[in-house]
Amino acid sequence: MASTRPNQLFRNKSAKIAAIPMIVTALFVFVGGTAWTIVYSFTGSGLLPRLKWVGLDQYERLWDTRKWMISIENLAIYGFSMLILVFVIGFILAALLDQKIRFENTIRTVILYPYALSFVVTGLVWQWILNPEFGVQNIVRGWGWETFTFDPLYNAEIAIFGILIAGLWQGSGLVMVLMLAGLRGIDQDVWKAARVDGIPSWKTYLFIVIPMMRPVFITTLVLVVTGIVKIYDLIVAQTGGGPGIATEVPAKYVYDMMFQANNLGQAFAASTMMLVTVALVVIPWAFLEFGGSKNRG
Amino acid sequence: MVDTTSHTFTGPHGPKPRKAFSRRNIFLYGTLLVVTLYYALPLYIMIVTSLKGMPEIRMGNIFAPPLEVTFEPWVKAWSQACTGLTCDGLSTGFWNSVRITIPSVILSIIIASVNGYALANWKFKGANVFFTILIFGAFIPYQVMLYPIVIMLREIGLYGSLTGLVIVHTVFGMPILTLLFRNYFSSLPEELFKAARVDGAGFWGIYFRIMVPMSLPIFTVAMILQVTGIWNDFLFGVVYTGPESYPMTVSLNNIVNSSQGVKEYNVNMAATILTGLVPLTIYFVSGKLFVRGIAAGAVKG
């Protein structure tokens with residue numbers, strides 16, 4: 001073992017030098033930056049950050065702002081719908097692809113390609129497809145259904161679902177690929193045993209395979225949730241937060257406050273709330289995943 | 001453990017194989033066909049729209065193939081489309097993105113691979129603490145760290161420059177890349193490392209002469225991951241650069257969503273494809289390696 005060798009301190013100098021970028025990033029950017037933002041969220045910073053304490057004022061104002069409430073509501077609607085649908089679609093697609101079918105690679109390639117695209121590209125394509133004048137609505141009307149209305153991006157009530165359509169198109173391929181990897185990791189004997197016992201395949205999936213895939217589900221969940229909380233580019237490209245403020249989200253609220261409204265205190269309070277949201281998911285997951293085995297690399 | 005299962009039989013999961021046109025197969029392939037078409041449709045619509053003239057778009061249907069193919073929208077998107085301020089198209093943004101992506105990818109991979117190597121083979125006291133912080137840092141919403149980084153970059157005089165953005169990409173690429181390299185280097189046989197030590201090779205000697213040559217696949221995976229990730233970035237581009245150094249995604253958004261003038265949907269779609277072309281090419285060429293890259297985010301550390 002390395003620790004039994006002499007002059008260990010000297011020998012590991014190169015490793016320590018090599019790790020400097022990591023140490024700087026971890027300490028100054030991740031820990032330092034986060035702490036800085038949290039501290040300044042308790043100040044009355046406007047155009048420039050300054051240490052004028054205002055206690056919880058920023059948070060009170062935040063939760064009194066209509067735009068923030070709408071942002072939170074949108075994130076909740078988008079988040080829950082996305083979470084449920086992306087898992088249902090991703091899992092069903094993975095299960096279909098796992099039937100030893102032909103053209104598996106082609107199909108997987110087509111379903112996953114949206115994930116390689118920028119959210120800006122995704123947003124703009126769907127802005128065009130959902131355009132009522134030329135897109136889907138126009139086409140269905142052309143078939144003779146004159147009163148057909150499908151204009152999610154122009155109707156404040158359902159605009160967030162227009163975003164959801166684009167988000168699902170881009171994100172479900174990722175879940176499918178992860179689920180497929182999980183399904184491939186299941187011992188084939190499980191299937192044989194279930195078949196011998198005469199259990200229908202849907203029951204085998206629901207009560208045997210899915211519970212066995214718990215680790216895959218949990219990691220996918222963490223990836224999907226952190227992605228949902230960060231959603232920003234898609235909104236900017238597809239709707240710009242509109243119509244009105246119907247599709248605002250927290251990440252956009254932070255950006256607008258920080259760089260357009262010159263209200264840094266609000267931006268810091270809002271981003272701290274985003275951090276809390278992510279922490280509520282990540283910390284329990286970390287305990288589940290690593291809690292029992294602290295000493296493993 | 002001895003493998004007791006039959007290793008000659010690799011049959012399908014369901015019941016025994018059936019006829020090609022069984023109800024199950026029709027349902028299965030039918031569903032997959034519909035799904036595949038749905039996912040492919042937006043790409044098709046982008047291409048078709050970008051090849052039509054505006055009069056044809058106004059009267060026609062977005063699914064219809066162009067009656068008269070024109071490449072003018074592509075030319076216009078590349079060199080003349082207006083962003084509100086200037087009218088030099090996407091080309092500036094494209095070259096900015098190239099100048100951002102290449103150094104960011106190289107720098108982040110060098111730093112993360114050396115880092116991962118140090119973590120895998122030269123563990124020092126406290127290394128895992130920093131590594132854990134780094135991994136948790138990957139989950140912090142970027143919005144939390146946006147402003148502190150603005151201040152840091154301003155302090156060193158790089159705010160608003162391409163160099164500043166390169167540093168930002170390197171920093172935020174570090175968690176996933178370090179994890180990727182650390183896990184890969186840990187999986188290499190330890191005897192190699194020990195043999196090289198016995199032969200007197202040091203930290204850098206082993207890295208350059210053993211680790212790097214043995215790890216070309218993982219370097220490719222990291223490159224795919226970084227090129228697509230950095231090319232597709234919008235938030236950092238808009239925050240840390242100025243109008244003359246905006247990356248392609250930001251210029252694209254400015255071109256399409258600028259409120260002035262008549263909307264030219266064909267030019268917009270041409271610009272959209274142009275922006276998506278680099279990651280799409282990488283995706284279609286790299287195939288399985290791309291999948292491996294995104295799955296790397298899911299393996300636990």
Side-chain angles (χ1 to χ4, degrees), chain A residues 12 14-16 18-19 21-23 25-26 29-31 33-34 36-37 93 96 98-101 107 110-111 113-114 116-121 124-125 128-129 134-135 139 142 174 177-178 181 189 191 201 219-220 223 226 229-230 232-233 236-237 240 251 254 258 271 274-275 278 282 289, chain B residues 5 12-14 28 31-32 35-36 39-40 42 45-46 49 57 61-63 111 114-115 118 122 124 127 130 133-134 137 139-149 171 174 178 203-204 228 232 234-235 249 252-253 256-257 265 268-269 272 275-276 279-280 283 291 294-295 297-298 300:
Chain A
N12 251 357
S14 304
K16 281 169 188 161
M22 171 182 82
I23 295 170
T25 300
V29 182
F30 292 168
V31 175
T34 306
W36 190 94
T37 297
L93 289 179
L96 291 177
D98 197 32
Q99 304 302 313
K100 294 273 159 75
I101 56 154
I107 297 172
V110 173
I111 295 177
Y113 87 87
L117 292 172
S118 163
F119 270 121
V120 178
V121 171
L124 294 177
V125 178
W128 172 234
I129 296 174
F134 303 100
I139 294 194
L174 170 74
V177 165
L178 296 175
D189 291 350
W191 281 102
S201 9
T219 13
T220 313
L223 281 183
T226 48
V229 177
K230 282 175 186 168
Y232 171 73
D233 338 12
V236 171
V254 172
M258 206 175 270
S271 49
M274 288 176 69
L275 179 67
V278 172
V282 170
E289 197 91 323
Chain B
T5 56
H13 292 177
L28 183 63
T31 313
L32 285 171
V35 170
T36 312
Y39 279 87
I45 289 175
M46 265 195 276
T49 306
I57 290 178
N61 135 3
I62 55 168
F63 295 106
I111 290 181
V114 174
N115 222 334
W122 299 82
F124 56 89
F130 296 117
I133 297 175
L134 197 72
F139 293 109
I140 302 174
Y142 297 143
Q143 281 72 19
V144 175
M145 293 170 287
L146 279 185
Y147 207 83
I149 294 176
V171 161
M174 213 182 286
T178 306
F203 184 89
W204 297 108
T228 48
N232 288 340
F234 175 82
L235 179 67
T249 46
L252 170 69
N253 185 51
V256 177
N257 286 327
Y265 297 106
N268 290 350
M269 281 303 114
T272 309
T275 311
L280 273 187
Y283 172 73
V291 176
I294 61 171
K300 57 177 186 174

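Sequence lines set the chain letters: A, B, ... in the order given, protein chains first and strands last, and positions in each chain run from 1.
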Q.
For A127(B), give me all partners under side chain to side chain contact (heavy atoms under 4.5 Å, CB included), at least two apart in sequence or on another chain.
A. L119(B), F124(B)
In terms of heavy-atom pairs under 4.5 Å, which option from [options] contacts chain B the most?
{"options": "V31(A), I111(A), V254(A)", "result": "I111(A)"}
{"options": "I101(A), L174(A), V229(A)", "result": "I101(A)"}
{"options": "I107(A), I139(A), T226(A), T34(A)", "result": "I139(A)"}
{"options": "V177(A), L93(A), L96(A)", "result": "L96(A)"}

Q.
side chain to side chain contact (heavy atoms under 4.5 Å, CB included), that's the test. Do I129(A) and I45(B) meet it? Break it down for me.
A. CA-CA 8 Å; I129(A) 296 174; I45(B) 289 175; 4.0 Å; yes
Q. Taking C-beta and beyond as the side chain, do W128(A) and P42(B) meet within less than 4.5 Å on heavy atoms?
A. no
Q) Does the side chain of P148(B) come within less than 4.5 Å of T37(A)'s, by heavy atoms? A) yes
Which region of [X], side chain (C-beta onward) or backbone (N, CA, C, O), has a non-hydrogen atom less than 4.5 Å from a non-hydrogen atom of chain B, or is it both or neither?
{"X": "V278(A)", "answer": "side chain"}
{"X": "P21(A)", "answer": "both"}
{"X": "A181(A)", "answer": "neither"}

Under 4.5 Å from a heavy atom of chain A, the part of [X] involved:
{"X": "V171(B)", "result": "both"}
{"X": "I149(B)", "result": "side chain"}
{"X": "V144(B)", "result": "both"}

Q: Test side-chain hydrogen bond (donor to acceptor under 3.5 Å, both in side chains) on W122(B) and S14(A) and set out the steps.
A: CA-CA 9 Å; W122(B) 299 82; S14(A) 304; over 6 Å; no
Q. Below 6.0 angstrom between ring centroids: does that apply to F119(A) and F234(B)?
A. no
(Q) So, taking the atom named CD1 in I140(B) and the one named CE in M274(A), what distance separates them when rounded to the nearest 0.5 Å? (A) 12.0 Å
What residue, out of [options], has the most heavy-atom pairs lying under 4.5 Å from chain A?
{"options": "F139(B), Y142(B), Y283(B)", "result": "Y283(B)"}
{"options": "N268(B), T228(B), L235(B), T275(B)", "result": "L235(B)"}
{"options": "L252(B), I133(B), I57(B), I62(B)", "result": "I62(B)"}
{"options": "T178(B), L28(B), L146(B)", "result": "L28(B)"}

Q.
Between F130(B) and T25(A), is the side chain to side chain contact (heavy atoms under 4.5 Å, CB included) condition met? List the steps.
A. CA-CA 9 Å; F130(B) 296 117; T25(A) 300; over 6 Å; no
**Q.** ring-ring contact (aromatic ring centres under 6.0 Å, His included) against Y113(A), all qualifying residues, sequence neighbours excluded
**A.** W169(A)
